[in-house]
Amino acid sequence: MKAIRRFSVRTVLPDALEPLGRLAANLRWSWHQRTLRLFEELDPQLWQQSRRDPASFLGIISAERLQQLAADPDVVSRVQQLGADLDNYLAEPKWYQSLGSDAPASIAYFSPEFGITSALPQYSGGLGILAGDHLKAASDLGVPLIGVGLLYQSGYFRQWLSRDAWQQESYPVLHRDEVPLSLLRESDGTPAQVQLPLPDGRQLLARVWRADVGRVPLLLLDSNVPDNDQAARGVTDRLYGGGGEHRLQQELLLGMGGVKALRIFERLTGTPAPEVFHTNEGHAGFLGVERIRELMHAPEPLSWDEALMATRAGTVFTTHTPVPAGIDRFERDQIAHFFNAGLAPGVPVDSILALGHESYEGGDPSVFNMAVMGLRLAQRANGVAKLHGEVSRSMFAGLWPGFDQAEVPIGSITNGVHVPTWVDPQIAQLAKEQFGAASILDPEWTRAHDVDDATIWQLRRNLRSQLIEDVRRRVRAAWKERGLTDAELSWTDSVLDPDVLTIGFARRVPTYKRLTLMLRDPQRLKALLLHPTHPIQLVIAGKSHPADEEGKRMIQDLVRFTDDPEVRHRIVFLPNYDIAMARTLFPGCDVWLNNPLRPLEACGTSGMKAAINGGLNLSVLDGWWDEMYDGDNGWAIPTADRSSADAGRPLTGPEAEHRDDVESAALYDLLEHTVAPTFYGPGGTGSGTVPAEWAAMIKHTLATLGPAVSAERMVAEYVQTLYRPAGAADRGIRAADYGAARELASYADRVRACWDSVVVEHVDSAGVDDSPRIGDTMTVTGYVDLGGLAPEDVCVEAAYGRLSGSDELADATLQPMAVSQDLGSGRYSYTADITIGQPGAFGYTVRIFPSHEGLASKAELGLVAEA
């Protein structure tokens, strides 16, 4: 018979082992190796049964076993020491505490998914893993971050394969009382709840669960509560599940409900209100609307324009999307339908709709664009790699007409990975022994060059062997799910070879990542796998979105190739790619393969995880690899390049076929003639000699990429370049009861009203003859009409430099100009001395744009007048 209710009963811990409860409850264990070793050694068999989850482990260990452990003084001592270590970690000052009082006291970080541990499956791919690493690195650095997301009842999905290799999905239910979460409760013990009104008189309620990620609290909203109707209970059923309306409700709950959850958390815990709100992708963009609503309903209410200025000042927006098709877009009428139901009472719905309006050339006026809203609600925005910043500025340039692409106010901070999470314990031990590192967070990576070649080579073989053991177990399990019996699976015991060059490829499976590029010439791939002296072997994993039939077909094509008895010992596909699999996959692969369509990879951090374990990258120059490849840390796959401006145009037909042919051939050539020969050295496979060039590349990779790809570097950059300026802007805008917000809004209104009359009437130059030379100085004078504005309202600048064939300034130098004469009636002359610094075609111009201390960039208001 089936039970009507399920809950977990936990054993009461003996007093001597009390710290175990705190160690299990804080997700620092997911990256703290000593804590993981402690739980494993308490009972290795139960540890495996619990799937290496301390909270689950404490749910199944018996009282008798705990009493035995409590009687062991060595165990008690270790438990107490690790409990004290956690307490110190949570309380001691870190890097952030050294920054001074101008650093924000609290920062909210919103994301639709968080990949922290496989025990809390709230992620689908790179966006979630990045968010989890962001929280972990913030904790290690002492950054006062608060994470905000949704608690999905079934997470993303579990992947398995049918007998004919078609991806199947199942949705295991996450039992909230069996994971390290605590329910946020009011002082009377009742669950804290947020509420959003829905159309037709319905409501959406959500409880707030808290996970502790080291020092960082993560608030997760859960709509599966008794007082919701069935439809509302299902809003947080699955990550990225359901249709348009379902997705919209998830994003309303994440953004608007997330702000409400933060306010409850502040009230119940005394945590300072966030000064900075960081929106990780556009899914949480409605948080800005909720903050505007708060300000418009304050005791001294702000107008829409004033509240918008105040909200923008402290908001940071990160875009991860390299193509317009990857952005969430809803019908404007659908957005209006929900907000007319009272989601933001008193806030003009037309103004909300304008936030997501594709008002630029080529935009669709019938849709509401979440990324466009994110940019309009944030004073600071960034992409996630240098190349992705360029792509983003091109994608969104229409929001700032009249400004050059380079001036579009979207910067870039290259993603990183949380080293303690992703580095193998054997690499951490190497750092401790060889680098003298007390912590893997602070190794002297450059000392990798001092490690003996034989030591580094043996370590890599150990990691490869560890991966192969895990692969064989997973391959057997996958084939049993596909219907084979143990008697038919003896061959899985010899899958892969610990002495063969091992190449990894694992990621989500959208078409642009080109999972099957390696299959372009199946016979050539087979020859590489079975090469007599330089063989390769491939470990592949990845999930396709349940609605992506083309992605599923790519998986099927690949798996059918791996099923071939001739090569199945050299190439495997592992279903259900997740964090647990990644822990052996990244360290165990000698080479990490990545072959997306350039420049469609925003960052692609999987190769970073390989690099910190001594793996070399073989990748298209896209994402992070475009800026960090140096010729000695791996290989660049040649591409038939497309410009960033052309990136959004899909390749089809013969054009796409030709590109894939060219790039797959380049991949095969690199593998056959460069990568494999370098791995095996002059003696080939089985020679027993250490290939000196490969060992040198491993050490160079550790020494140079170790610090460069760390999430600690990434988060520190966010703090210095975005969080601190945003916090200062927020404090400034709130000064004198939001007097600065009122003044800035008034200024913006006045400038917009006058701008059509602002013109550059004429430009003169003097000081050079008809044959100017390098080093000559010329005086440029611009005659302008400010249309009723004052000189202090604007900046007038000269732009000069080399000219392109179409007389466009290329890499222009910009120089502010000073008022030289008041000509009356709002007209002024401005001058600047400029020096000619290069030969060839030279040109200059004059332009005007708004200038105010409350603006973060010259392009912020999107207004410019040019000669």
Requested in this report: Can you sort out the partners of Arg482 under salt bridge (charged side-chain N to carboxylate O under 4.0 Å, His left out), two or more places apart, ordered by chain and number?
Outcome: Asp563
Report task. May I ask you to check whether Trp31 and His418 place their ring centres under 6.0 Å from each other? Result -> yes
Query raised in the report: How about Lys94: does its NZ atom have over 12 heavy atoms from other parts shown lying under 6.0 Å from it?
Result: yes
**Report entry** Within 45° cone of Tyr156 ring axis and under 6.0 Å: Lys543 NZ or CZ
**Finding:** no
**Report entry** Set of residues satisfying side chain to side chain donor-acceptor pair (under 3.5 Å) with respect to Arg508, sequence neighbours excluded
**Finding:** none
Query raised in the report: Atom CG in Leu205, atom CG in Leu221: separation rounded to 0.5 Å?
Result: 11.0 Å
Query raised in the report: Is it true that a side-chain atom of Gln153 and a backbone atom of Thr236 form a donor plus acceptor pair closer than 3.5 Å?
Result: no
Query raised in the report: Any sub-3.5 Å donor-acceptor pair from Thr117's side-chain atoms to Leu120's backbone N or O?
Result: no
Report summary line: Here the pair of heavy atoms bringing Leu174 nearest to Pro121 is CD1-CD, 3.9 Å
Query raised in the report: Would Glu469 and Ser465 count as having a side-chain donor-acceptor pair, cut-off 3.5 Å?
Result: no
Requested in this report: Please lay out, stage by stage, how Thr190 and Arg185 fare under the test side chain to side chain contact (heavy atoms under 4.5 Å, CB included).
Outcome: CA-CA 5 Å; Thr190 59; Arg185 295 184 180 275; over 6 Å; no
**Report entry** Euclidean distance, Trp209 CH2 relative to Leu220 CG, rounded to 0.5 Å
**Finding:** 10.5 Å
Requested in this report: Quick one: do Arg476 and Asp493 satisfy salt bridge (Lys or Arg N to Asp or Glu O under 4.0 Å)? Show the steps, please.
Outcome: CA-CA 8 Å; Arg476 175 177 285 267; Asp493 295 336; 3.5 Å; yes
Requested in this report: For Arg233 and Asn224, test the side chains for any donor-to-acceptor distance below 3.5 angstrom and give the result as yes or no.
Outcome: yes
Requested in this report: Using the test side chain to side chain donor-acceptor pair (under 3.5 Å), find all partners of Thr271 that sit at least two apart in sequence or belong to another chain.
Outcome: Thr269
Query raised in the report: Restricting to pairs with a member in residues 50-73, which pass salt bridge (charged side-chain N to carboxylate O under 4.0 Å, His left out), not counting sequence neighbours?
Result: Asp43-Arg65
Query raised in the report: Once you round to the nearest 0.5 Å, how far does OH of Tyr96 lie from CG of Asp140?
Result: 15.5 Å
Query raised in the report: Is there a donor-acceptor contact under 3.5 Å linking the side chains of Glu113 and Tyr240?
Result: yes
Query raised in the report: Leu17 versus Leu69: any side-chain heavy-atom pair under 4.5 Å?
Result: yes
**Report entry** Between Trp592 and Ser606, a side-chain donor and acceptor under 3.5 Å
**Finding:** yes
Query raised in the report: Thr485 side chain to Gly483 main-chain N or O, any donor-acceptor pair under 3.5 Å?
Result: no
Requested in this report: Would you check if the side chain of Gln159 reaches a backbone N or O of Gln168 as a donor-acceptor pair within less than 3.5 Å?
Outcome: no
Query raised in the report: Does Arg28 make a cation-pi contact with Tyr89 (under 6.0 Å, within 45 degrees of the axis)?
Result: yes
Query raised in the report: Between Val213 and Lys136, does a side chain to side chain contact (heavy atoms under 4.5 Å, CB included) hold up when you go through it step by step?
Result: CA-CA 6 Å; Val213 186; Lys136 293 173 183 178; 4.0 Å; yes
**Report entry** Partners passing side chain to side chain contact (heavy atoms under 4.5 Å, CB included) against Gln80 (at least two apart in sequence or in another chain)
**Finding:** Pro19, Val76
Report task. May I have the step-by-step check of side chain to side chain contact (heavy atoms under 4.5 Å, CB included) for Leu702 and Asn613, ending in yes or no? Result -> CA-CA 7 Å; Leu702 289 172; Asn613 287 287; over 6 Å; no
Requested in this report: Taking the side chain as every heavy atom from C-beta outward, state whether Val719 and Trp95 have any atom pair closer than 4.5 Å.
Outcome: yes
Report task. Please name all residues satisfying side chain to side chain donor-acceptor pair (under 3.5 Å) with Glu41, sequence neighbours left out, ordered by chain then number. Result -> Arg78
Report task. State whether the side chain of Arg507 and the backbone N or O of Gly542 hold a donor-acceptor pair below 3.5 Å, judged by distance alone. Result -> no
Requested in this report: Could you tell me whether Trp29 and Phe39 have their ring centroids closer than 6.0 angstrom?
Outcome: no
Query - Neighbour count above 12 (heavy atom, 6.0 Å) for Gln45 CD - result: no
Query raised in the report: So, Phe114 versus His134, ring centres under 6.0 angstrom or not?
Result: no
Requested in this report: With the side chain counted from C-beta on, respond yes when Met714 and Val417 share a heavy-atom pair under 4.5 Å apart, and no when they do not.
Outcome: no
Query - Minimum side-chain heavy-atom gap Leu42-Val75 below 4.5 Å - result: yes
Report task. First locate atom CG of Asp424, then atom NZ of Lys609, and finally report the distance between them rounded to the nearest 0.5 Å. Result -> 15.0 Å
Requested in this report: Show the numbers, then the answer: is there a side chain to side chain contact (heavy atoms under 4.5 Å, CB included) between Ile612 and Leu705?
Outcome: CA-CA 7 Å; Ile612 60 173; Leu705 290 183; over 6 Å; no
Query raised in the report: Can you list every salt bridge (charged side-chain N to carboxylate O under 4.0 Å, His left out) pair that touches residues 452-461, not counting sequence neighbours?
Result: Asp453-Lys699, Arg460-Asp590, Arg461-Asp499
Query raised in the report: Any donor and acceptor pair, going by atom type alone, linking the side chain of Thr446 with main-chain N or O of Ala703 inside 3.5 Å?
Result: no
Query raised in the report: Does Asn228 use its side chain to pair, donor to acceptor, with the backbone of Ser223 at less than 3.5 Å?
Result: yes
Query raised in the report: Restricting to pairs with a member in residues 143-157, which pass salt bridge (charged side-chain N to carboxylate O under 4.0 Å, His left out), not counting sequence neighbours?
Result: none
Query - CA sep, side-chain torsions, deciding dist, call: Glu40, Arg37, salt bridge (Lys or Arg N to Asp or Glu O under 4.0 Å) - result: CA-CA 5 Å; Glu40 180 177 17; Arg37 282 197 300 272; over 6 Å; no
Report summary line: Residues at least two apart in sequence or cross-chain that pass salt bridge (charged side-chain N to carboxylate O under 4.0 Å, His left out) with Arg22, listed by chain then number, are Glu18, Asp87
Query - Ser50 and Ser56 side chains, donor-acceptor separation under 3.5 Å - result: no
Report summary line: Sequence neighbours excluded, the answer for salt bridge (charged side-chain N to carboxylate O under 4.0 Å, His left out) partners of Arg472 is none
Query raised in the report: Would you say the side chains of Tyr109 and Asn280 form a donor-acceptor pair under 3.5 Å?
Result: yes
Requested in this report: Please name all residues satisfying side chain to side chain contact (heavy atoms under 4.5 Å, CB included) with Leu90, sequence neighbours left out, ordered by chain then number.
Outcome: Asn26, Leu86, Arg215
Query raised in the report: Would a distance-only check, ignoring hydrogens and angles, find a side-chain to backbone donor-acceptor pair under 3.5 Å from Gln97 to Gly142?
Result: yes
Query raised in the report: Just how far is it from atom CD of Gln466 to atom CZ of Arg583, taken to the nearest 0.5 Å?
Result: 11.5 Å
Query raised in the report: Can you list the residues that meet the side chain to side chain contact (heavy atoms under 4.5 Å, CB included) rule with Glu433, with sequence neighbours excluded?
Result: Gln429
Query raised in the report: Is it true that a side-chain atom of Arg474 and a backbone atom of Leu574 form a donor plus acceptor pair closer than 3.5 Å?
Result: no
Query raised in the report: Can you find a pair of side-chain heavy atoms, one from Val143 and one from Tyr718, that are under 4.5 Å apart?
Result: no
